[in-house]
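Working notes, beginning with the structure itself.
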Amino acid sequence: MTAPLTELTARRLLSGFAAGDFTPVDAVRAALDRLDRIGSVRPEPGASPRPDASAALARAEASAARWERGEPRGLLDGVPVTVEESLSPYEGTGGTEAPSAALLREHGAVLVGRTPAREPGPPGSARTSAVALGAGPLSLGTDGGGAIRVAASFSGVFGLKPTYGRVPHFPAGPFGVLAHVGPTARDAADAALMLDVISGPDRIRQEAEGGVEDGVKGLRIAYSPSFGGQVAVDPSVASAVRGAVTALAGLGAYITEADPDMADPVDAFRTLWSASAARLAHRLGPGRRRSLDPALLETAAAGARISAVEYLAAEEARAGLERRMDLFHTSYDLLITPTVPVTAAGAAPGPRGRAGWPPFAYPFNMTRQPAASVPCGVDADGLPIGVQLIAARHADALVLRAAHALYEAGATAAPARS
């Protein structure tokens, strides 16, 4: 006797699609029927009686056409899945779909419903109910303290919390340092298949191909002279940086003057830095602490007064800034700014913003992006000037390519001192 479609694994559904035993429309319709009976799973909003059933079925029909042509898309084409709503928020809520959910769609999976991010009872129970009761063989969710694993144990299905960072997790929430994204499935083989999909490189984090010699032709480069007027830049620095930008344009890069969403993150940075200094001082012990620079000791003392709530709020702000820069780099391969807004002559007591740090530099420590300073000239006194090249996280190769192009073009040569 053939098992109902709602009891089949993802792998069995895929083999059935390939053999023509049934179609993605059959599988999705069966999953939607089960969703009608599971109150803890929230289908996509839309027309009644089954919210957005028509949209899911339309995606299933497109998948069926691909299978009929012998051209399935990706590894999960036509498989019905549910996704935690924090990873694939409802339209109109202002949320951003997580890369893991987007990767499921790119591989042809059909989203038939969203499970609540927070709910009464066992954590993650809705997603395991969806899998255990037949509303799709796969479900995507987060595990910040056992949600995937505990609910899987209670429901008799398989749940995996992957290594942190194995699956891209954006936008990060308040539990971002703890929450892992992972699959709930009928068995380990299905979970392994899903993990292959959701741990793939997403459009934001994919490392650029090419070696250092590949040049900049065709690269999209954003040039931000002053972070939208937030930073006062010495005219000699501005002129030298503009010269480097002109050189890159001459090498075939597409230059657009554009500013990232970079409101001064000083308060979050100061909290994170001060707390880190306090931890450093605490580890050293009283004797060695006395040998530290007085300014660092003052910073450490301030950090010791920071509460856990304040620290987590600063980390949340840092993660938000990181996400905004991730999105910025979906439009631009590189960002160019001055490295420092003045030369060394103007640096006493320091070329510092409200945070006491070089205003073009420290934000990119918070966003964890690759950034480099490349010499691009000197001021009237012969003091060096640097241009900063910034790329998306993991796209270090792009920074090196652009820097190498400037060196090869002679744009880094400093004029001889008079």
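The analysis underlying the following values was restricted to heavy atoms, covering all of them including side chains, and did not include hydrogens, waters or symmetry mates.
- Taking the six-membered ring for Trp and thresholds of 30 and 60 degrees, Phe328 and Tyr332 have ring planes inclined between 30 and 60 degrees apart.
- Atom OG of residue Ser54 and atom CZ of residue Arg59 lie 9.0 Å apart, to the nearest 0.5 angstrom.
- In this structure, the side chain of Ser274 does not engage the main chain of Thr271 through any donor-acceptor pair within 3.5 Å.
- Note that the CG atom of Leu400 and the CD atom of Glu213 stand 11.5 Å from one another [nearest 0.5 Å].
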Checking Thr82 against Val112 for the side-chain contact (heavy atoms from CB on, under 4.5 Å) test, could you report, in this order, the C-alpha distance in whole Å, the side-chain angles of both residues, the deciding distance, and whether it holds? CA-CA 6 Å; Thr82 52; Val112 295; 4.1 Å; yes

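- Leu406 and Ala247 get closest at one heavy-atom pair: CD2-CB, 4.2 Å.
- Between the side chain of Arg220 and the backbone N or O of Ile255, no donor-acceptor pair lies under 3.5 Å.
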Evaluation steps, side-chain contact (heavy atoms from CB on, under 4.5 Å), between Lys217 and Leu251: CA-CA 6 Å; Lys217 186 175 182 179; Leu251 295 171; over 6 Å; no

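- In terms of heavy-atom proximity, Ala185 sits nearest to Val157 at O-CB, 3.5 Å.
- You'll find the side chain of Val131 stays beyond 4.5 Å of the side chain of Leu138, heavy atoms only.
- In this structure the side chain of Phe17 reaches within 4.5 angstrom of the side chain of Leu14, judged on heavy atoms.
- In this structure a side-chain-to-backbone donor-acceptor pair under 3.5 Å is present from Ser63 to Gly78.
- Of the candidates Glu84, Lys161, His180, Thr142 forms a side-chain hydrogen bond (donor to acceptor under 3.5 Å, both in side chains) with just one, namely Glu84.
- Side-chain atoms of Arg114 do not come within 3.5 Å of backbone N or O of Val83 as any donor-acceptor pair.
- The nearest pair of heavy atoms linking Met262 to Leu321 is SD-CD1, 3.6 Å.
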What verdict does the side-chain contact (heavy atoms from CB on, under 4.5 Å) test give for Val378 and Thr343, after you've listed the backbone C-alpha separation in whole Å, the side-chain angles of each residue and the deciding distance to 0.1 Å? CA-CA 8 Å; Val378 295; Thr343 59; over 6 Å; no

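- Pro341 pairs in a side chain to side chain contact (heavy atoms under 4.5 Å, CB included) with only one of the listed residues (Asp234, Val233, Val237), which is Val233.
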List the steps and the verdict of salt bridge (Lys or Arg N to Asp or Glu O under 4.0 Å) for Arg105 and Glu97. CA-CA 11 Å; Arg105 291 183 188 271; Glu97 186 173 60; 2.8 Å; yes

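- Put simply, the side chain of Ile221 does not reach to within 4.5 Å of the side chain of Tyr254, judged on heavy atoms.
- Arg242 CZ to Cys376 SG: the interatomic distance, rounded to the nearest 0.5 Å, is 11.0 Å.
- The number of heavy atoms from other shown groups lying within 6.0 Å of CD (Gln230) is above 12.
- Of all the heavy atoms in Ile198 and Leu103, the pair that sits closest is O-CD1, 3.6 Å.
- Shown here is Arg166, whose CZ atom has no more than 12 heavy atoms of other residues, nucleotides or ligands within 6.0 Å.
- Looking at Ser239, its side chain never comes within 3.5 Å of a backbone N or O of Pro235 through a donor-acceptor pair.
- Met325 CE to Phe364 CZ: the interatomic distance, rounded to the nearest 0.5 Å, is 5.0 Å.
- Once rounded to the nearest 0.5 Å, the distance linking CG of Leu76 with CG of Leu13 reads 10.5 Å.
- At least one side-chain heavy atom of Asp77 sits under 4.5 Å from a side-chain heavy atom of Arg66.
- In this structure, Arg186 contributes its side chain and Leu8 its backbone to a donor-acceptor pair below 3.5 Å.
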Verdict with supporting geometry, Leu32 and Val28, side-chain contact (heavy atoms from CB on, under 4.5 Å): CA-CA 6 Å; Leu32 289 169; Val28 168; 3.9 Å; yes

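- Residues Leu140 and Val81 are not in side-chain contact: their nearest non-hydrogen atoms beyond the backbone lie 4.5 Å or more apart.
- In this structure, NE2 in His329 is found 7.0 Å from CD1 in Ile390, a value given to the nearest 0.5 Å.
- For Ala391 against Gln369, the heavy-atom pair with the smallest separation is O-NE2, 2.9 Å.
- Taking the side chain as every heavy atom from C-beta outward, Ser373 and Gln388 never approach each other to under 4.5 Å.
- Counting only heavy atoms from C-beta outward, the side chains of Leu219 and Arg401 approach each other to under 4.5 Å.
- Using a 4.5 Å heavy-atom threshold, the side chains of Phe360 and Ser224 count as separate.
- Residue Pro162 comes nearest to Gly182 through the heavy atom pair CD-CA, 3.7 Å, listed as atom of the first residue, atom of the second, then distance.
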